[in-house]
Amino acid sequence: MARDELVRLAIGRLGIDRGESIDRREVGRLFVEGAGSDPIRLFSDYRRIYSFFGAENPTFRKMLIAAAVDAKVSFHPFRPVNAGHVAIAYLESIGEPATPFESHLRLLDADLDAATDRLARLGLHPGDFVLIFPGSGSPAKNWRFENFVALANRLSRKLPVLFIAGPAEAEFERRLRTIGFPVLSELELPTVAAIAARACLFVGNDSGVSHLAAAAGAPGLVIFGPTDPARWRPLGDVQVISRMPLDALEPDEVAAAIESLSGAVRLIGKREIAKR
């Protein structure tokens, strides 16, 4: 169970056959004593439940166990305390081995078709553009917008640059359109992943979309500030630049790191895309 957009992403792409929204009424009722039969109807058919949600709430724990009827239920902290990368910590918390340690998103034909259509409308070609994610879930983790623009100006001398803006980045989108850079927004997560897989490489903050792009197989450079990349770095063909304060990281330094990658990445990207 997860948020709607994550359920839609997971089914068929992450080894998940079925998903349910965690915002369903039956889940909310688990926080209330005597919630009635609704949760039982939802949870009674499962044999095993791992809950990273509501683990610290005694009412939720009690009600979920009762609603699950015959299932074994275990509760796990949303932020695991185990040291090391958080993905390993999650696996360890449920007693699963952490090897092989990788992340892979299986893109569907419909995802790739949607990406190809979006790129064609902008005159962009697979394997021949750089993708930039200028936002994240926290302003404290964002490299300054002006730095991304300066970076894009430098990179665009050699390759087209495309920005993708999330729901919280409407101001970024407006300013990018004013400057003249192509920008896409209001995309479903599978389409974002497929566009990233078509890019020569991506650049982003410590963000969910950077993890998504890496899981889709895109090579990239991810900028870290207040968070620890040893704990939170995306898995995949990703280089990390970490700096605090973030304002101390200059566009020229990021551009140099990208240029050290882009020659090999560009050839590899085109070769892989030709196979698909």
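Residue numbers count from 1 along this sequence. Scope of the values below: all heavy atoms of this structure, side chains included, with no hydrogens, waters or symmetry mates. Given the structure is predicted, the values throughout are model-derived calculations rather than measurements.
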- Task: Take Leu176 and Phe145 through the test side chain to side chain contact (heavy atoms under 4.5 Å, CB included) and record every step on the way to the result.
- Result: CA-CA 10 Å; Leu176 287 167; Phe145 174 79; 3.8 Å; yes
- Rounded to the nearest 0.5 Å, what's the gap from CZ on Phe172 to CZ on Phe163? Could you check? 10.0 Å
- Side chains of Glu188 and Glu5: does their closest heavy-atom pair fall under 4.5 Å? no
- Query: Between Phe129 and Arg198, is any pair of side-chain heavy atoms under 4.5 Å apart?
  - Reply: yes
- Residue pair Ile241 / Ala257: nearest heavy atoms and the distance that separates them: CD1-CB, 3.8 Å
- Before accepting this row, confirm whether a basic side-chain N of the pair Asp228/Arg233 lies closer than 4.0 Å to the acidic partner's carboxylate O. no
- Query: Judged by atom type as modelled, is there a donor-acceptor pair below 3.5 Å linking the side chain of Arg47 to the main-chain atoms of Lys72?
  - Reply: no
- Residue pairs, two or more places apart or on separate chains, that pass salt bridge (charged side-chain N to carboxylate O under 4.0 Å, His left out) and touch residues 131-142: Lys141-Asp206
- Quick one: is the NZ or CZ of Arg48 closer than 6.0 Å to the six-membered ring centre of Tyr46, and within 45° of its axis? no
- Message: I'd like to know if the side chain of Glu259 and the backbone of Ala256 have a donor-acceptor N/O pair within less than 3.5 Å.
- Response: no
- Task: Measure across Met244 and Pro226 and return the closest heavy-atom pair with its distance rounded to 0.1 Å.
- Result: SD-N, 3.5 Å
- Message: Which heavy atom of Pro134 sits nearest to which heavy atom of Ile132, and what is that distance?
- Response: CD-O, 3.5 Å
- Should Asp23 and Arg3 count as an ion pair when the cut-off is N to O under 4.0 Å? no
- Query: From Leu261 CG over to Cys200 SG, what is the distance, rounded to the nearest 0.5 angstrom?
  - Reply: 9.5 Å
- Message: So does Thr59 get a backbone contact from the side chain of Asn57, meaning a donor-acceptor N/O pair under 3.5 Å?
- Response: yes
- Query: Would Leu249 and Asn147 count as a side chain to side chain contact (heavy atoms under 4.5 Å, CB included) if you check the C-alpha gap in whole Å, the side-chain angles of each, and the deciding distance to 0.1 Å?
  - Reply: CA-CA 9 Å; Leu249 181 62; Asn147 287 336; over 6 Å; no
- Note on the structure: OG1 (Thr227) and CZ (Arg231) are apart, to the nearest 0.5 Å, by 11.5 Å
- Message: For the CG atom of Asp237 and the CG atom of Leu221, what is their distance to the nearest 0.5 Å?
- Response: 11.0 Å
- Task: Kindly check if the number of other-residue, nucleotide or ligand heavy atoms within 6.0 Å of CZ (Phe78) is above 12?
- Result: no
- Query: Do any N or O atoms from the side chain of Asp117 and from the backbone of Asp113 form a donor-acceptor pair under 3.5 angstrom?
  - Reply: no
- Query: Do NZ/NE/NH1/NH2 and the carboxylate oxygens of Glu171 and Arg174 come within less than 4.0 Å?
  - Reply: yes
- Task: For residues Leu246 and Asn205, determine if any side-chain heavy atom of one lies less than 4.5 Å from a side-chain heavy atom of the other.
- Result: no
- Between Phe60 and Phe53, does a ring pair (Phe, Tyr, Trp, His ring centres under 6.0 Å) hold up when you go through it step by step? CA-CA 9 Å; Phe60 179 87; Phe53 180 73; 5.6 Å; yes
- Message: Test your reading of the model: is there a side-chain donor-acceptor pair from Ser185 to the backbone of Ala165, 3.5 Å cut-off?
- Response: no
- Quick one: closest heavy-atom pair of Pro190 and Leu107, and the distance? O-CD2, 4.2 Å
- Message: Is any side-chain heavy atom of Ile94 closer than 4.5 Å to one of His76?
- Response: yes
- Query: Would you say Leu91 and Leu105 are hydrophobically clustered, going by side-chain heavy atoms of ILVMFWY under 4.5 Å?
  - Reply: no
- Item | Leu235 to Ala87 - nearest heavy-atom pair and separation | CD1-CB, 4.4 Å
- Message: How long is the straight-line distance from CD1 of Ile49 back to CE of Met1, given to the nearest 0.5 Å?
- Response: 9.0 Å
- Query: Under the 3.5 angstrom rule, does the side chain of Asn142 hit a backbone N or O of Ser136 as a donor-acceptor pair?
  - Reply: yes
- Can Leu9 be reached from Leu108 by stepping across I, L, V, M, F, W or Y side chains whose heavy atoms are under 4.5 Å apart? no
- Message: Taking the side chain as everything from C-beta on, heavy atoms only, tell me whether Leu6 gets closer than 4.5 Å to Leu189.
- Response: yes
- Item | Polar side-chain atom of Thr116 near backbone of Leu112 as donor-acceptor pair, under 3.5 Å | yes
- Message: Would you say that His125 contacts Leu119 through its side chain, given a criterion of any heavy-atom pair below 4.5 Å between the two side chains?
- Response: no
- Query: Are the side chains of Leu184 and Ile195 in touch, meaning some heavy atoms are under 4.5 Å apart?
  - Reply: yes
- Query: Salt bridge or not for Glu26 and Arg41, using N-O below 4.0 Å?
  - Reply: no
- Query: Is the closest basic N to carboxylate O distance between Arg175 and Glu146 below 4.0 Å?
  - Reply: yes
- Closest approach of Ala98 and Ile88, non-hydrogen atoms and distance? CB-CG2, 3.8 Å
- Message: Could you work out, with ring-ring contact (aromatic ring centres under 6.0 Å, His included) as the rule, every residue matching Phe148, not counting sequence neighbours?
- Response: Trp143
- Message: Please determine whether side chain to side chain contact (heavy atoms under 4.5 Å, CB included) holds for the pair Val183 and Leu162, giving the CA-CA distance in whole Å, both sets of side-chain angles, and the decisive distance to 0.1 Å.
- Response: CA-CA 6 Å; Val183 55; Leu162 171 65; 5.7 Å; no
- Message: Are Phe43 and Ile22 linked, directly or through intermediate hydrophobic residues, by side-chain heavy-atom contacts shorter than 4.5 Å (ILVMFWY only)?
- Response: yes
- State plainly whether the residues Glu20 and Arg18 are in salt-bridge range, i.e. N to O under 4.0 Å. yes
- In Å, rounded to the nearest 0.5 Å, how long is the span from CD1 of Ile223 to CZ of Arg144? 12.0 Å
- Task: Could you walk me through whether Phe224 and Trp232 pass side chain to side chain contact (heavy atoms under 4.5 Å, CB included), step by step?
- Result: CA-CA 9 Å; Phe224 274 74; Trp232 297 104; 4.0 Å; yes
- Are Val32 and Phe75 co-members of a hydrophobic cluster defined by side-chain heavy atoms under 4.5 Å apart? no
Only pairs under 3.5 Å count here: list side-chain donor-acceptor contacts from residues 61-71, not counting sequence neighbours, and write none if there are none.
from  : atom 1 : to    : atom 2 : distance (Å)
Arg61 : NH1    : Ala55 : O      : 2.9
Lys62 : NZ     : Glu33 : OE1    : 3.3

- Message: Does any part of the side chain of Val203, heavy atoms only, come nearer than 4.5 Å to the side chain of Leu131, both counted from C-beta?
- Response: no
- Message: Hydrophobic cluster membership, with links at side-chain heavy-atom distances under 4.5 Å among I/L/V/M/F/W/Y: are Ile16 and Leu42 in one?
- Response: no
